Each structure stands twice: as structure tokens, then as C-alpha cells.
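Computed from a predicted model, the values in this text were never measured in an experiment. Only heavy atoms go into these numbers, but all of them, side chains included; no hydrogens, no water, no symmetry mates.
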Amino acid sequence: MAADKLTRDTVIDQAMALADEEGVDAVTIRRLAARLGVTPMALYWHFKNKDELMAALAEHVLGGVTAGVSPDDPWRDRLRVLVEAVVHAMREHRSLPDILTAVVDKHSVDSFNRATEAALDVLTTAGFTISESFYISSYLLNGTIGLVKGRPDCPKGPERDEAERRRQHALRLEALPRGRFPHVVEYGTIAAGPVDVEHYFSFGIDVMLSGVEAMAAGREKPE
């Protein structure tokens, strides 16, 4: 690609693809320039350094997180929409958790600030103090990262190898002393089966939000 045809959006798209394919550490100015067929200097017209690029990637992926939040909906519905949107973004772009970690100042990312503001608005409406709301929003963000990174169907090789990995894992669990670990052994009897990944995510979101809803009982402000 000719350097004069290179756009900021093209750089972001290719950097995002590289991060999703090989991880955030693979996204270097030199590696990205080679992928785009330009010199590293051509990228510096758009981003002064990798920190700026990481912030742009976070902005790009998080841009639509608040799009489905309606101020007229009950706070519980708004909170669920936010959490589900973040989970969806992370499922679409598996590098997003590491991109967020790599961004030195997350509050330099406008879409992150919009999502944070929306979460704080929801949680203060639920009756939490502003400091409690900030803590909860942080816990939920970390919870979504753990949920996505811990997904049980995450492939570590070809599909046939993944099925064999699950089978071997199940056998190891079933081989444990049943008298000491009856529940672990029981789980081993189903661990080799197919994973219902949609249930995994919806159940995980339910677990996180049910705690917030239980704590909010009797505290929420009139909407």
C-alpha cells in the first residue's frame, strides 16, 4: 500500500486483526508496517507511539458499548445491556482485555469514559454511593474479562485435539479418589461433553448481576 493512501482507519483495522490473531505483543510499529506494506515512518503520521495506537484500538472496539442503553429503561435492564455489550465486544475481539491492560490511561479513551459514566448513572440510580458504584463497575469489568478469558471452549489447537483434551481432562478428574472429592469426580463424568458456550456466558452474567441486584434491594431511587 502506498503511504499516501494509508488512512488512520486502515491502520486501526489491521492492528486490531493482528492483535486478535497473535496477541497484543505482536502489535509493533515495525510488524504493522510490514503487514501494511509501508515503512514504519508512514505509521507515525497517524500514531506517535504504541500507547496511542492501543488507546485507538480500545476506542474502536468500545465505541458501541453504550449504544443499546435506553435512559427510560429500569436500571437493572440498563446494567444488563452494558455488561452484555462488553462481553460481546470481548468475544468479538479476544485481544480486548489485553488492549485495556496495555492502555496506560483508560480515561483518555472517550468510549471507556462513556461506558463508565453510563454504569455510574445506573448504579447510583440503584441506590449505591458514587464510590460504591465505581467499585462495582470495576468489579464487573474484571468479571467480564475473567468470564471471557475463562471460556471453556477456548480452542488450543485443532477441533479434534480440543475434543481429546477435554476427554483426557475428564479422565483425570474421574480418576481422583471419589471418597475425598465426590463432586469433582461427578463433574468429571460430564467434562468431556460438548460445551454450551451461550449458556456459559448467560449464566456467568446472571451470577455477576444477581449480586448487584441483591445488594441494591431496598436502596434504589425512584426512576
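The minimum heavy-atom distance linking Leu18 with Ala26 is given by the pair CD2-O, 3.5 Å. Closest of all the heavy-atom pairs between Ala58 and Val103 is CB-CG2, 4.2 Å. Here the closest non-hydrogen pair linking Leu123 and Ser137 is CD1-N, 4.0 Å. The minimum heavy-atom distance linking Trp75 with Val212 is given by the pair CZ3-CG1, 4.2 Å. Closest heavy-atom contact between Val65 and Ala115: CG1-CB, 4.2 Å. The minimum heavy-atom distance linking Pro97 with Met90 is given by the pair CG-SD, 4.0 Å.
Remark: Leu62 CG to Leu57 CG distance equals 10.5 Å, nearest 0.5 Å. Remark: Ile136 CD1 to Leu141 CG distance equals 14.0 Å, nearest 0.5 Å. To the nearest 0.5 Å, the span separating CG on Leu96 from NE2 on His60 amounts to 10.5 Å. Distance check: Leu147 CG to Met208 CE gives 5.0 Å after rounding to the nearest 0.5 Å. The line from NE2 of His88 to OG1 of Thr144 is 13.5 Å long, rounded to the nearest 0.5 Å. For the atom pair CG (Asn113) and OG1 (Thr66), the distance works out to 11.5 Å, reported to the nearest 0.5 Å.
Atom CD of Glu22 is surrounded by more than 12 heavy atoms from other residues, nucleotides or ligands within 6.0 Å.
Checked by atom type and distance alone, the side chain of Asp77 never pairs as donor or acceptor with a backbone atom of Asp73 at under 3.5 Å. Listed for the Glu59 side chain is a donor-acceptor partner under 3.5 Å among the backbone atoms of Ser111.
Under the 4.0 Å criterion applied to side-chain N and carboxylate O atoms, Lys149 and Asp98 are assigned as salt-bridge partners. In this structure, Arg91 does not pair ionically with Glu84, as no charged nitrogen and carboxylate oxygen lie closer than 4.0 Å.
For the pair Val86/Leu140, no side-chain contact is recorded, criterion being any heavy-atom separation below 4.5 Å from C-beta on. The closest side-chain heavy-atom distance from Leu53 to Val11 is below 4.5 Å. Ser202 places none of its side-chain heavy atoms less than 4.5 Å from the side chain of Ile205.
Under the side chain to side chain donor-acceptor pair (under 3.5 Å) criterion, Ser131 pairs with Thr129, not counting sequence neighbours. With sequence neighbours excluded, the residues satisfying ring pair (Phe, Tyr, Trp, His ring centres under 6.0 Å) with Phe112 are His107. Partners of Asp121 according to the salt bridge (charged side-chain N to carboxylate O under 4.0 Å, His left out) rule, which considers only residues two or more places apart in sequence or in another chain, are Arg78. Applying the side chain to side chain contact (heavy atoms under 4.5 Å, CB included) rule to Thr28 yields the partners Arg30, Arg31; only residues at least two apart in sequence or on another chain are considered. Residues passing the side chain to side chain contact (heavy atoms under 4.5 Å, CB included) test with Ile29, sequence neighbours excluded: Pro40, Leu43, Tyr44.
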Verdict with reasoning, Phe201 to Arg151, per side-chain contact (heavy atoms from CB on, under 4.5 Å): CA-CA 8 Å; Phe201 280 110; Arg151 58 184 295 170; 4.0 Å; yes

side-chain contact (heavy atoms from CB on, under 4.5 Å) evaluation trace for Met16 with Ile99: CA-CA 10 Å; Met16 196 75 243; Ile99 289 171; 3.4 Å; yes

Stepwise side-chain contact (heavy atoms from CB on, under 4.5 Å) test for Ile12 and His46: CA-CA 10 Å; Ile12 290 172; His46 301 283; over 6 Å; no

Arg94 and Val148: CA distance, side-chain angles, deciding distance, side-chain contact (heavy atoms from CB on, under 4.5 Å) verdict: CA-CA 8 Å; Arg94 63 181 184 178; Val148 174; 5.9 Å; no

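The other residues sharing a hydrophobic cluster with Phe181 are Leu173, Leu176, Val184, Val185, Tyr187, Ile190, where clustering joins ILVMFWY side chains under 4.5 Å apart. Applying the 4.5 Å side-chain rule to ILVMFWY residues, one finds Ile130, Phe134 in the same cluster as Leu120. Applying the under-4.5 Å side-chain rule to Ile, Leu, Val, Met, Phe, Trp and Tyr, the cluster around Val207 extends to Phe203.
For residues 125-143, every residue pair satisfying the salt bridge (charged side-chain N to carboxylate O under 4.0 Å, His left out) rule, not counting sequence neighbours, is listed here: Glu132-Arg219. Within the structure, side chain to side chain donor-acceptor pair (under 3.5 Å) contacts touching residues 12-21 (residues at least two apart or in different chains) are Gln14-Arg35, Asp20-His93, Asp20-Ser95, Glu21-Arg35. The side chain to side chain donor-acceptor pair (under 3.5 Å) contacts involving residues 168-179 comprise Glu164-Gln168, where partners must be two or more places apart or lie in separate chains. Sorted by first and then second residue, the salt bridge (charged side-chain N to carboxylate O under 4.0 Å, His left out) pairs involving residues 39-51 (not counting sequence neighbours) are Lys48-Glu52.
Under the 4.5 Å side-chain contact rule for hydrophobic residues, Tyr135 and Met215 do not share a cluster.
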